[in-house]
Amino acid sequence: MTDTRVRTRFAPSPTGYLHVGGARTALFNYLLARQTNGVFVLRVEDTDRSRNVAGAEQKLLDDLRWLGLQWDEGPDVGGNHGPYRQSERLTRYEECYRTLLDQGAAYYAFDTVDELDALRRDAERRKANFRYPRPTTFPSERDAQRARDEGRPVVVRFKMPAREFRVPDVILGEVAFEADALDDFVIVKSDGWPTYHCAVVIDDEDMQITHVLRGQEHLMNTPRHMALQEALGYRTPVYAHLPIILNMDGSKMGKRDKDKAVRATIKEALAAERIESASAAQLARCSSDEFAGWLKKKSQLDSEALGRLGQAVGIELPEVQVHDFRASGYLPEVLVNFLALLGWSAGDDRERYTLDELCTAFRPERIGRTNARFDRDKLLSFSTTALADAAAPRLLDGMRDYLVVNPESPLAGIQDESTLSKVLELTAGMRTFRDVETKAGAMFVDDDALQFDTAAVRKVLLKGTAPARGLDVLEALRAELARIDATGWTVAAIERVVREFAEGRGLGLGKVAQPLRVAVTGATISPAIFETLALIGMNGTLRRIDRAIEHAQSLDA
RNA sequence: GCCCCCAUCGUCUAGAGGCCUAGGACACCGGCUUUUCAUGCCGGCGACAGGGGUUCGAAUCCCCUUGGGGGUACCA
């Protein structure tokens, strides 16, 4: 029985965290499946053994789940068309390329990487287009075995038909490729594993994928896949090539961006001798040779290493992976909403959608053709309004999730729900959960561990002359606050004392609140001051004021 | 180099020949609110890449130029 339902898939490689480009591809495939009551399949494309990263598959699945894009069939949940990991489908691929070999649609080739490089360089020198030279006679099975015995690499190449290919595309219309545009490509690598082209075609057939929504970087691959489908007698799914997500500078948004940002700053830091090469290499957990190679753009470092290096030189890494946005304090639905609008619009002015609403509104025909820049300012704005509109329980959940991925946050230690809720209430107007931390974090560090921002202390406590200085105001105010009955340390009581104090001295509230703020939080930013003091408690407040006074005096000396 | 895709405010986009003196959102600028930082509210600036056609009429159709992007692997 043939299933007539739409079947889409997302097929990432387990090389690291999920990238926003991949997330958008996954989202569109998910939306199409959901809105047609179809099936969304997750397949792991792990045919490049050298690039596979341990643990990456789990991260990928976690990121996808975090976004709310649950799949119906996949490596972990199973399904009737598995296995869903390409590494578990090797015999199936072998069966197929045997067929191609037998029917003369593919042939063995024994070129080494160096030989191929030489051919390409030669073509380049002649300003000619490199095409793999198809031999006139093809090696036999026996030849292949002999080559293997001699230690030569043995691959299988597909005979790309020398005719024009027209790719029907939902977004682009029909895209034509000249007859000699593509050459004979490798379908089986010398390690015996299939290439992407080979595996993807077989899997899409086996998994009965009806619609393939993928990035435009795959456009040139599609005629290859169609040729392969023809040779194997498969049907061709509906294709839609998505516009590419770019950085604000117009370059393709990718994982390399992090390397780029860190590399630039590290180079500066090394030049200015703010950091030593040896210690930087240590942070990156690699040898000095590897580190030098990385500096020369010869390699990439993993997210964690880049994070440590970035921290050492004091830069924020650009967010490019879903996990980065999670760690920065965005709600998944915000990222989903934003991503959906990168290349798609319903045709009206509406911009805010939940995932469910997207499932209903989404139409693949309405996907745009132009590449879109990833504007973090706009995302931030989406986040701001979403957080403002979110119901308290959602906010609490989101904050919890933020703290799970940011265990070093001073807020991570908050055990009771009411305190965390209170903090969220006090930080209303936040743009991300990170804002909650920067604004309210200081309230939850130990009174004696509180760090004072020197610039803030100088500006707020030490500026001006004797009786009018913030420091003097603070000292006088401390005495007033100390008079409050410990059991009556409430917002109202604090407010009354502080306001009376300010009025009595003919000072605006700002002149009093700021010194207080710097004293109890170490910085010029905090939630409303009375609430802040109430939450810190009387002992904490007085203790912090004493420390601030001491600190200011030592700076002043 | 070659192949392919794309082209409306700085950015994301609406616009499928007359509804366009081009709409919305973000950013930006100005103002208001304010105990800090945010938030919020009001207002403003701001685009059809250029050149040819087609048509009574073009942001919308065609061609060229220019610009941007992607691909050009035993990576996916």
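Convention: sequence-line order gives letters A, B, ...; per-chain numbering from 1. A quick note: this is a predicted structure, and the numbers were derived from the prediction, not measured.
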B/A14 and B/C4: how far apart are their C1' atoms, nearest whole angstrom? 28 Å
Worked check of side chain to side chain contact (heavy atoms under 4.5 Å, CB included) between A/Tyr84 and A/Asp203: CA-CA 9 Å; A/Tyr84 295 91; A/Asp203 290 346; over 6 Å; no
Side chain to side chain donor-acceptor pair (under 3.5 Å) with A/Thr385: which of A/Glu351, A/Arg431, A/Arg352? A/Arg352
Which nucleotide, in any strand shown, forms a Watson-Crick or G-U wobble pair with B/C48, with both distances under 3.5 Å? none
P spacing across the pair B/G50 / B/C9, given as an integer number of angstrom: 10 Å
Spacing of the C1' atoms in B/A76 and B/U66 (rounded, Å): 33 Å
Spacing of the P atoms in B/U65 and B/C3 (rounded, Å): 13 Å
Expressed as a whole number of angstroms, how long is the span from A/Ile367:CD1 to B/U13:P? 12 Å
The reported gap from CZ in A/Arg458 to CZ in A/Phe452 (rounded to nearest 0.5 angstrom) is 14.5 Å
Give me the distance, rounded to whole Å, that separates B/C48 from B/U8 when you measure between the C1' atoms they each carry. 4 Å
Can you find an N or O donor on one side and an acceptor on the other, under 3.5 Å apart, linking the side chain of A/Lys378 with the base of B/A27? no
Between atom CG in A/Asp349 and atom P in B/C26, what is the gap in whole Å? 12 Å
Within 45° cone of A/Phe362 ring axis and under 6.0 Å: A/Arg366 NZ or CZ: no
Using a 4.0 Å cut-off on protein heavy atoms (strictly under), produce a 5'-to-3' string for nucleotides 70-76 of chain B with B for base contact, S for backbone-only sugar-phosphate contact, and - for none. BS-SBBB
Between B/U35 (C1') and A/Leu477 (CG): distance, integer Å: 13 Å
Donor-acceptor list for residues 526-536 of chain A side chains, cut-off 3.5 Å, not counting sequence neighbours:
residue, atom, partner, partner atom, Å
A/Ser526, OG, A/Arg517, NH1, 2.8
A/Thr532, OG1, A/Pro527, O, 3.1
A/Thr532, OG1, A/Ala528, O, 2.8

Closest-nucleotide ordering on RNA chain B, the 5'-leading residue of A/Ala128 and A/Leu172: A/Ala128
Applying the Watson-Crick and G-U wobble criteria at under 3.5 Å, what pairs with B/A38? Answer none if nothing qualifies. none
Between A/Asn247 (CG) and B/C12 (P), how many Å, whole number? 12 Å
When you compare the side chains of A/Gln145 and A/Asp149, does any donor N or O come within less than 3.5 Å of an acceptor on the partner? yes
Under 3.5 Å side-chain donor-acceptor pair for A/Tyr402 and A/Glu437: yes
A/Phe158 meets the ring-ring contact (aromatic ring centres under 6.0 Å, His included) criterion, sequence neighbours left out, with A/Phe185
Could you list all N or O pairs between the protein and nucleotides 8-10 of chain B that sit under 3.5 Å apart?
none

Which one of A/Arg89, A/Arg92, A/Arg43 satisfies the side-chain contact (heavy atoms from CB on, under 4.5 Å) criterion with A/Pro83? A/Arg89
Rounding to an integer number of angstrom, what distance separates B/A47 and B/U13 when you compare their C1' atoms? 12 Å
Establish, for the pair A/Arg163 and A/Phe165, whether the NZ or CZ atom is under 6.0 angstrom from the six-membered ring centre and no further than 45 degrees off its axis. yes
Paired with B/C29 by Watson-Crick or G-U wobble geometry, both distances under 3.5 Å: which nucleotide is it? B/G43
When the distance from CG of A/Leu219 to P of B/C2 is rounded to whole Å, what number comes out? 19 Å
A/Gly368 near the nucleic acid: base, sugar-phosphate alone, or nothing, with a heavy-atom cut-off under 4.0 Å? nothing
Spacing between A/Glu365 atom CD and B/G15 atom P, to the nearest angstrom: 13 Å
NA contact type, A/Arg366, heavy-atom cut-off 4.0 Å: base, sugar-phosphate, or nothing? sugar-phosphate
On RNA chain B, does the nearest nucleotide to A/Leu509 precede the nearest nucleotide to A/Asp377 from the 5' side, or the other way round? Give the residue. A/Asp377
Whether the A/Asp114 and A/Thr112 side chains hold a donor-acceptor pair (N or O, under 3.5 Å, no angle test) is what I'd like checked. no
Separation of B/C6 atom P from A/Asp169 atom CG, nearest Å, is 9 Å
Suppose we define a pair by two distances each less than 3.5 Å, Watson-Crick or G-U wobble; what does B/U72 pair with here? B/G1
Say we look at B/G53 and B/C41: how far apart would their P atoms be, to the nearest angstrom? 50 Å
Is any side-chain heavy atom of A/Met226 closer than 4.5 Å to one of A/Pro168? yes
Could you name each residue pair satisfying side chain to side chain donor-acceptor pair (under 3.5 Å) that touches residues 214-224 of chain A, not counting sequence neighbours? A/Tyr196-A/Arg214, A/Tyr196-A/His218, A/Arg214-A/Thr222, A/Arg214-A/His225, A/His218-A/Asn221, A/Asn221-A/Arg224, A/Thr222-A/His241
Between B/A27 atom P and A/Glu351 atom CD, what is the distance in whole Å? 11 Å
With a 6.0 Å cut-off on the ring centroids, do A/Phe382 and A/Phe325 count as close? no
Taking a pair to mean Watson-Crick or G-U wobble geometry with both distances below 3.5 Å, B/G67 pairs with B/C6
What integer number of Å spans the P atoms of B/G18 and B/U60? 12 Å
Pairing nucleotide - B/A16, Watson-Crick or G-U, each distance under 3.5 Å: none
B/S/- along nucleotides 36-49 of chain B (protein heavy atoms under 4.0 Å) is BBBS----------
